[in-house]
Amino acid sequence: MKNNLIIAIAFISTFLSGCQTPDELMPSVSREGINSITAKFADGTGEFIGYISDDSNEIIIPVPYFFPESSDNQVTESMLSNMRVKANLDDNVTVTPALLYMDLNQDNIITVTDQLKAKKQYVVRGEIRKSSACFIEEFKLPSLGLTGVINETTKTISLVAVGELEPALAEVTLSYHATISPDPSAVILDFNQDVELTVTAFDGVSKSVYTVKKEIPSKLPYGIRSGSAKLMFAKKLKADLGIAVDNLTGGMAVTGDYVVLNTRGENSIYLNAKTGAKLGEVELGSVKGSLVNFYNTADQDGNILISNLAPNAGSFKLWKLASVTSTPELMIEWNEGYALGRKISVSGSIDDNAIITAPILATGQKFARWTVTGGVLTSQTPEIVTMSGLAKGWTTNCDIIYTSATDVNSDYYVASYSDNTFAWVNGNTNAVRKSLDAISANYIPNAVDYIGFNNAKYVTLNWVNSFTWGAADAVWLLDVSSDANFAGNLETRTCSAVVWECDRDKYGAKGVTPLVANGNGTGDVALRVSDDGFYLYLYFMFTNGYVVGYQFDCIDM
């Protein structure tokens, strides 16, 4: 049984409305001058947010008992003796003495001088605290093939099942260092009747009682539940996952259970799709080389597709793997000399029906399209589709995704750099139906994905910044159930189709230290729906930055 704690670290402190910045230390209208104060360890790791103690002038900076929270590495007083402290101040506000390093084991007196030269003293100190988090993050009955639907508001876990259930062991993911009683991973329980489970936080005081029920929870009539965005994980490619090379991790395949990251010339690595934990490597064998395993993606049934870069690596090739333990099998080989392979997309499943697209680079507005019917590739030779309606074509950054797995005349979406826009294309005419306003030429629309969820339709796309300045590493989720709101400008946040947006630059190359510019301007996005239809998952990755997983739901709470 794995333990998961809701961490008080800024980069994963978001729950309800996307990648938000930390709450202000005090309301901006308070005119106190100091808006927030944070502390890091001397080596730059961690980020702990302070708060003003009620009815006092104390600023307390809580530091978790273990760091990282998922580890058993206990934080000691010596680690607090040399903390890097930073404050966010209003304009023309000063703090003395100047903040740099503090011994947070001690009371540190600072004086804040506001715009009117009024002074106020605060005492800044740290506190090592045991976690009070007592959540069940995930609940599964593997032997029965069931995953519980967790309603955190009512503390209920619904098992969507009809008929009698065999007594079973559960797999449970808890807040880090929390305990559960009875432990359903150790005791076989009968879930035909309601079962109560008590989770006790590491502090030994905070508790939550969950009731596991065999029932079908209510869904909202449409779309995702507002405020349901939950950060599952955010992993640095280099520091957390051990990807040592820069600029070459450009593809991401999400199979349902795993997130598979493709780094050119190396075996792919695969992560737990719920926690981001690195689980192993995909052995690529001969399908490995700087221009060979150039990009990867996955279909809706978890088949992994790997493309090479043509014609640099010869004829265009597409390999398939049924799982992370499978051996790559050549699926497509096409030798017409076209430049393609930097991005591929698939709608549907290659085991059933699918439409596969690959933008043809530097040839205007063309792409190759293969179809799969009944699990059989229609032809090794693709149809060459020419679209119209963009001011210009694309070069090396483009992605195309269809809205259907069977209908080649269905609409599709195009994210392309050369036109600096995002286009909704009429599949019958292959002409742009609607497009969002063009953005700065410094920012690169690089990837797109589409999915249907709870009677709604969604697309996600990213922007990538290939420089060391600017604010463009970002991801959006748009409701495209109709084109009524498909207008405006993402850069100025005037597109009303947007239902969620990640903070810009938080997870790109600028979000890590040391910063290494994303020289190829690459990244990826993917959408997946849980088998029971209650959860929508959004994954994104920025080369040289992070890979991130978010969860949304449609539960009527």
Side-chain angles (χ1 to χ4, degrees), residues 1-20 68-71 131 133-140 147-153 157 171-178 199 224-237 239-241 252-261 269-279 298 302 449 451 453 458 460 462 474-477 499-503 506-508 511 523-542 545-555:
M1 178 176 66
K2 299 172 289 183
N3 290 323
N4 288 304
L5 169 70
I6 305 301
I7 315 178
I9 302 175
F11 70 79
I12 60 173
S13 63
T14 308
F15 262 100
L16 298 179
S17 59
C19 307
Q20 301 173 347
E69 295 268 3
S70 58
S71 74
S131 171
C134 46
F135 300 101
I136 294 180
E137 304 285 358
E138 190 173 29
F139 188 92
K140 292 182 178 180
T147 298
V149 179
I150 301 173
N151 185 328
E152 193 57 46
T153 301
I157 301 174
E171 288 183 1
V172 187
T173 302
L174 304 176
S175 302
Y176 292 131
H177 306 289
V199 181
I224 64 175
R225 177 171 61 86
S226 178
S228 68
K230 175 182 177 182
L231 178 64
M232 298 186 297
F233 64 84
K235 299 290 186 180
K236 298 175 184 177
L237 300 188
D240 296 331
L241 302 178
M252 178 181 65
V254 179
T255 70
D257 291 329
Y258 307 112
V259 176
V260 184
L261 298 179
I269 65 170
Y270 60 97
L271 319 176
N272 183 300
K274 300 297 174 56
T275 67
K278 182 179 176 180
L279 300 177
D449 201 9
I451 209 162
F453 176 67
Y458 295 99
T460 184
N462 69 355
V475 175
W476 289 266
L477 184 65
V499 295
W500 179 88
E501 175 187 351
C502 180
D503 269 358
K506 185 175 181 120
Y507 296 113
D524 215 350
V525 296
L527 292 170
R528 290 292 180 269
V529 173
S530 63
D531 292 341
D532 57 26
F534 285 97
Y535 297 104
L536 172 65
Y537 298 102
L538 167 60
Y539 299 91
F540 56 91
M541 180 271 296
F542 290 108
Y546 286 78
V547 58
V548 181
Y550 264 87
Q551 174 187 283
F552 304 82
D553 69 60
C554 61
I555 302 170

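Reckoned from all heavy atoms, side chains included, excluding hydrogens, waters and symmetry mates.
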Listed partners of Ile451 passing side-chain contact (heavy atoms from CB on, under 4.5 Å), at least two apart: Leu527, Val529, Leu536
Gap separating the OG1 atom of Thr255 from the CZ atom of Arg528, nearest 0.5 angstrom: 8.0 Å
For Lys140, all residues meeting salt bridge (charged side-chain N to carboxylate O under 4.0 Å, His left out), sequence neighbours excluded: Glu138
Contacts of Asp449 that satisfy side-chain hydrogen bond (donor to acceptor under 3.5 Å, both in side chains) - sequence neighbours left out: none
Value rounded to 0.5 Å, distance of CD1 in Ile136 from CD in Glu152: 8.5 Å
Shortest non-hydrogen contact between Ala133 and Ala178, atoms and distance: O-CB, 4.1 Å
Parallel, tilted or perpendicular, as decided by the 30° and 60° cut-offs, for the rings of Tyr539 and Phe233: tilted
Partner residues of Ala253 under the side-chain contact (heavy atoms from CB on, under 4.5 Å) criterion, sequence neighbours left out: Val260, Asn296, Ala298, Ile304
Any Tyr537 side-chain heavy atom under 4.5 Å of Val254 side chain: no
Asp531 CG: over 12 foreign heavy atoms closer than 6.0 Å: no
Closest contact, heavy atoms only, Leu261 versus Met541: CD2-CG, 4.2 Å
Shortest non-hydrogen separation from Cys502 to Ala474 and the atoms involved: O-CB, 4.3 Å
Audit row: Phe552, Arg225, side chain to side chain contact (heavy atoms under 4.5 Å, CB included) steps and yes/no: CA-CA 7 Å; Phe552 304 82; Arg225 177 171 61 86; over 6 Å; no
Residue pair Ile555 / Ile150: nearest heavy atoms and the distance that separates them: CD1-O, 3.8 Å
Separation of Lys235 NZ from Asp240 CG (nearest 0.5 Å): 5.5 Å
Close side-chain approach of Asn462 to Trp476, heavy-atom, < 4.5 Å: no
Spacing of NE2 belonging to His177 relative to OG belonging to Ser70, to within rounding of 0.5 Å: 7.0 Å
4.5 Å side-chain heavy-atom contact, Phe542 and Leu237: no
Sequence-distant partners of Asp532, side-chain contact (heavy atoms from CB on, under 4.5 Å), two or more places apart: Val149, Ser530, Phe534, Tyr535
Atom pair CZ/CG of Phe540 and Asp524 - distance to nearest 0.5 Å: 12.0 Å
Heavy-atom side-chain proximity of Thr275 to Glu137 below 4.5 angstrom: no
Any residue meeting ring-ring contact (aromatic ring centres under 6.0 Å, His included) with Tyr270, in chain and number order, not counting sequence neighbours: Tyr258
Student check: side-chain heavy atoms of Ser228 and Asp553 closer than 4.5 Å: yes
Derivation and outcome, side chain to side chain contact (heavy atoms under 4.5 Å, CB included), residues Val475 and Glu501: CA-CA 6 Å; Val475 175; Glu501 175 187 351; over 6 Å; no
Sub-4.5 Å side-chain heavy-atom contact between Tyr550 and Lys230: no
Leu279 side chain near Leu271 side chain, heavy-atom distance below 4.5 Å: no
Derivation of the side chain to side chain contact (heavy atoms under 4.5 Å, CB included) call for Lys236 and Leu241: CA-CA 7 Å; Lys236 298 175 184 177; Leu241 302 178; over 6 Å; no
Taking every non-hydrogen atom, the tightest pair across Ala234 and Tyr507: CB-CE2, 3.6 Å
